[in-house]
Amino acid sequence: MVEGVRPPALATYWLIQGRILFMVIPFLGSALFAYIVARRLTPLIRAQRDFRFDRPLIRLARVLRFWLGQWRHPRYRFAGTMHILIFAGFILLATRAFTLLVQGISPNFVMPGLAGEAGRMYGIITDYAATVVFFCMVIAVIRRAVFTPARYAVLARYGKGHPVDAIFLLALIAILMLADSLFLASKAAADAQQGQSAEFLAALSLPWMLKGALASTSMAKLQTLYLGAFLSHELTFFFLLCYRPFGIQFHVETSLFSIYFAKLDREILKPVRWGVADEHLDRVKSFGVKSFEDFTWKHMLDFYSCADCGRCSDNCPSNAVGRPLSPRFLSIKARDYAFQHYPVFSSSRTGNGKPLIGSIYSEDEVWSCTTCGACEEECPLLVEYIDKIVDLRRGLIDDGNVPQSLQKPLKALESRGNPYGKMEKKRADWAKAAEFQQLCHVKNLDKSDGAETLYFVDSITSYDDRMQSIGRATAKILDHIGENFGILGAAEKDSGHEVRRFGEEMLFMALREHNVGAIKNSGVQRIVTADPHAYNALKHDYKDVPPVDHISQVIAREVKTGKIRFNPVEEDRVYTYHDPCYLGRHNQVYDDPRDVLDAIPGLKRVEMTRCRDRSFCCGGGGLMLFYEPKEDQRMGVKRVQMAAEAGANVIVTACPFCMVNIEDAIKVAGLEGKMIAIDLAELVDQQMARA
Ligand code: SF4
Ligand code: SF4
């Protein structure tokens, strides 16, 4: 009969003493892991600079929230809960795994602080942790292999997904948990058979169940299982460690860093080159990203960190309407590229300087993005997309690859300061309608009348016949609340918001310089605009200009002070509010427009399923109006259908570009006469109680 079970350190495996074997495996495993990671870091070292070392306390707080706290995971309830359980299990089991590794060398090792009752408690917790992780892995494997969520699907145009890799890794983690539990269970079963006091195993946990199953197993078999489980745990642990950097589970290692270094000011675009001031941009030889090595190191780290969960693409409006863009695959393709061109086990590097457009990305893919930010809002690992896409566009523009339909508006912006090519002197014509002038006088600050507030109109509201009504409504609201305001008139040029996001940095800088000069000359103390794109540009892209408000914020404030009161709505309609991306997601103005709507007596409001930070882009503003993407359906049409599903027949928005897209979509969707769109400013002007 075997006298108890021998610990792995004192056992012999194929003539090798356990202690030696379990010294060699961790040493080789750790050394190989260090080598692999060092190789994976090679492209990051060759990448462009990126300044991510500022504000360490804020970054640490974000690590606690998004990494340790798994903040974004519950947005997908089932998958998110599973991930939180697995992550918590890993954190709890880390100490147990370390203890096991040391016990391979020193059998009586106990983690300091975990002797006695504390160790017993920790044992119970980790028994349950291993059980939960094991069953989560089983569910995850079944989910990946059998009940695959639609968001994991891979269209042929994006290349290949990595389902086998995902399933293999999930199975390995399940094996790790099983080995860990079997190790404890076989020891406990042997101790029990020998009448020794066995280690307490948490009731109904995996080790507890296994111990029950092994109750009548012979001591010799228990010894084999005990040693085999330990060896399996050790080998699986180090195999996983070294295998993860070859696939989607590399995020286990990189996510903490990519969250720590994630962009803090999401609404501000990255500069053309970190460390090169705007006034020195003429010294930069090549703009944007053309080859893989033009990405910054943080953007490459993002590629490694993407967990291939598909949440970004699931929320991407371009992907939803069949445009050739899926943000998830921007990362996956770049990671595959990095793995192929910077191999771990070969000294050949074949990636240097090859153009990405035409090899892994297409031009249409890069132009299809509306910069709506839905992908970034959703990603649990804070992977960034807008900066990368804008950088790829900068590269295209730098090489003269401007889409045909955008060439004219860009030229017009250069020569006339607006994308329509209209005369500068006609910019203030919207305010000259006789009927309007009887109600409200708009000062033209270009003609030296002073004012405290500037109403920055921007191009679409100035020149588009339909949108001019938003301009007039905004002016009437400002007039009603007694604001001393004026416009720049011919001295205003396009804010350049979309120009910048289309990658034309130099043109944007020229527009900005002109507008900043005009704003400073006007002597105003604050700015109001009804255009979220202008709002975002003035607030984040411009420097040294007075504070800026969107008109919805002004109205919400004045509703609270009582300066704005409303007449009840008369028609029995159902309203829904569509969040413009650059007001909502990019600037977190979600409540003010809703508060205004809710202050109108008798107004019935419903929410669309996709609202607030999950709002669905209308199709993109600015120059997107001039771009003709390949798509199966218009985004606006999808949005209008969402409003209809919510039971609404009035879509309220707070952006002239949303208005263009939504009104157009109502016609295309065949809902004319059943559904209308109105801007918040127009609705307020219509319902405002005047003395
Ligand atoms: S970028 Fe983020 S959301 Fe998109 S697939 Fe990767 S991890 Fe998921
Ligand atoms: S910013 Fe919007 S359109 Fe662009 S990739 Fe992200 S979700 Fe898609």
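Indexing begins at 1, ligand by ligand and atom by atom, following the structure's order.
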Handout entry: R328 NZ/CZ over Y385 ring centroid, <6.0 Å and within 45° of normal
Key = no
Taking the side chain as every heavy atom from C-beta outward, state whether E384 and R266 have any pair of such atoms under 4.5 Å apart. no
If you compare S318, A374, C316 by their heavy atoms, the one closest to atom 8 (Fe) of ligand 2 turns out to be C316
Exercise for review: Specify whether an N/O/S atom of C369 falls short of 2.8 Å from atom 6 (Fe) of ligand 2.
Suggested key: no
The closest protein heavy-atom partner of atom 6 (Fe) of ligand 1 is C306 SG, 2.3 Å
- Where does the angle between the aromatic ring planes of F292 and Y342 fall among parallel (under 30°), tilted (30 to 60°) and perpendicular (over 60°)? tilted
* Do side-chain atoms of K298 reach the backbone of D50 as a donor and acceptor pair under 3.5 angstrom? -> no
Note to self: Tell me if the CZ atom of F53 is crowded by more than 12 foreign heavy atoms within 6.0 Å.
What the structure shows: yes
Closest heavy-atom approach to atom 3 (S) of ligand 1 among C312, C375, A307, G310 is made by C312
Ligand 2 atoms nearer than 4.0 angstrom to some heavy atom of L325 are 5 (S)
The closest protein heavy-atom partner of atom 1 (S) of ligand 1 is Y385 OH, 3.0 Å
Checking heavy atoms under 4.0 Å, the part of D308 that sits near ligand 1 is backbone
Requested in this report: Kindly state whether the ring of Y337 and the ring of F303 have centres lying under 6.0 angstrom apart.
Outcome: no
Atom 2 (Fe) of ligand 1 has as its nearest protein heavy atom C379 SG, 2.3 Å
